[in-house]
There are 2 protein chains.
Amino acid sequence: MAFHKREQFTAAEQEIAVIAKALGHPARVAILQLLAQRQSCVCGELVMELPISQSTVSQHLKELKAAGLVQGEVDGPRVCYCIDRAGWDRARQLLGNLLAELPLPAAGCAC
Amino acid sequence: MAFHKREQFTAAEQEIAVIAKALGHPARVAILQLLAQRQSCVCGELVMELPISQSTVSQHLKELKAAGLVQGEVDGPRVCYCIDRAGWDRARQLLGNLLAELPLPAAGCAC
DNA sequence: TTCGTTTATCGTCGATTAACGATGATAAAT
DNA sequence: ATTTATCATCGTTAATCGACGATAAACGAA
């Protein structure tokens, strides 16, 4: 069906999914790494470092902002982007908790 | 354009993106949590716990397998799914490293 | 062999995504 | 008042996703 059933899952599951989805494209991973390395970046610098067009970078930044992972400050004609530290911490907490669940060797099967 | 440019990013960026994308849907997060809790599950049990149809669960399991996060063992007519521990560890390592990059308060801007 | 159970796959649909170029908006600089 | 630089947004195209029902395949049991 066309209707997404996301709303039938728990808030935590949805929050994790939103963050993970934002990390689910190599361009966005690359953008986050650049931002983390340099602490901040104007959009133009990102475009120069990436193999995609300015409008596409802008789109990806928009999605990262929507997921709460990135902030943008207007600074004259340019925009300075940085990691959103609150969102970043939240991501670390949620994904960390999920992946910390240590699956023991399976019980009934040979896995 | 229609051409995806994923291949123009580094292998690490793509690997992170593949894993994150697999985590980017609440149903798949829920499935992984169920598997981690119980160590293993037949598909039918998952279907009963989830608000989506059997075919959709099967699809999600296929994607989780493709991302290396889940394994399936055929056991007679049923299939026993478990967390793929190698993939799980890899995910923890890659996402952990990414999120461990501690962005310091930004330099040039007010973020 | 045939039946019931379980899972995978197929076909379909609407929605979303990724990407681009072109255009628009804003602010500094001339 | 123009120009220039920078970034966002719009419109478009094609691919992918999410979901379902229906069907097929695999297996154990009768």
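The shown structure was predicted, so the numbers you read here are calculated from the model rather than taken from an experiment.
- Side-chain nitrogen and oxygen atoms of A/Lys21 include at least one within less than 4.0 Å of the OP1 or OP2 phosphate oxygen of C/dT17.
- Looking at B/Ser58 and B/Ser55, their side chains never bring a donor and an acceptor atom within 3.5 Å of each other.
- If you check C/dA18, D/dC7, C/dG21 against the side chain of A/Ser55, the one that comes closest is C/dG21.
- Looking at the side chain of A/His60, the nearest of the listed nucleotides C/dA18, C/dA8, D/dA8 is C/dA18.
- What separates CD of A/Gln14 from P of D/dG18 is a distance of 14 Å, to the nearest Å.
- Proximity of A/Val57 to A/Gln54: side-chain heavy atoms (C-beta onward) are nowhere separated by under 4.5 Å.
- Taking 4.0 Å as the cut-off between side-chain N and carboxylate O, B/Glu63 and B/Lys21 do not count as a salt-bridged pair.
- Taking atom CG on A/Leu61 and atom P on D/dA8, their separation rounds to 7 Å, with Å as the unit.
- A donor-acceptor pair is defined here as one N or O able to donate and one able to accept, closer than 3.5 Å; such a pair exists between the side chain of B/Arg92 and the backbone of A/Leu99.
- Distance CD (A/Gln54) to C1' (D/dT6): 8 Å, rounded to an integer number of Å.
- Regarding A/Leu64, its CG atom lies at a distance of 16 Å from the P atom of D/dC7, rounded to whole Å.
- For B/Ile52, whose side chain is taken as the heavy atoms from C-beta onward, the closest listed nucleotide among D/dA8, D/dC20, C/dA18 is D/dC20.
- Between A/Ser53 and C/dC20, a side-chain N or O to OP1/OP2 separation shorter than 4.0 Å is present.
- For the pair A/Leu34/A/Glu45, no side-chain contact is recorded, criterion being any heavy-atom separation below 4.5 Å from C-beta on.
- Side-chain atoms of A/Pro77 lie closest to D/dT6 of the nucleotides D/dT6, D/dT9, C/dA18.
- At whole-Å resolution of the value, CD in A/Gln8 and C1' in D/dA19 are 12 Å apart.
- Contact check, B/Tyr81 against C/dA8: a side-chain N or O comes under 4.0 Å of OP1 or OP2.
- Contacts of A/Val42 with the nucleic acid, taken as non-hydrogen atoms under 4.0 Å apart, involve only primed sugar atoms and P, OP1 or OP2.
- Under 4.0 Å is where a charged nitrogen must lie from a carboxylate oxygen, and between A/Asp75 and A/Arg78 no such pair does.
- The phosphate of D/dG18 (OP1 or OP2) has a side-chain N or O of B/Arg28 nearer than 4.0 angstrom.
- The CG-P distance, from A/Asp75 to D/dC7, rounds to 10 Å in whole Å.
- Nearer to the 5' terminus of DNA chain D, by closest-nucleotide assignment, is the contact made by A/Val57 (compared with the other of B/Gly24 and A/Val57).
- Rounded to a whole Å, the CD atom of B/Glu63 is 10 Å from the P atom of D/dA19.
- In this structure, NZ of A/Lys62 is placed 15 Å from C1' of C/dA19, rounded to the nearest angstrom.
- Considering only side-chain N and O atoms, A/Thr56 lies nowhere under 4.0 angstrom from the phosphate OP1 or OP2 of C/dA18.
- Comparing atom distances between the B/His25 side chain and each of C/dA8, D/dA19, D/dA8 picks out D/dA19 as nearest.
- You won't find any donor-acceptor pair under 3.5 Å spanning the side chain of B/Gln59 and the base of D/dA19, going by distance alone.
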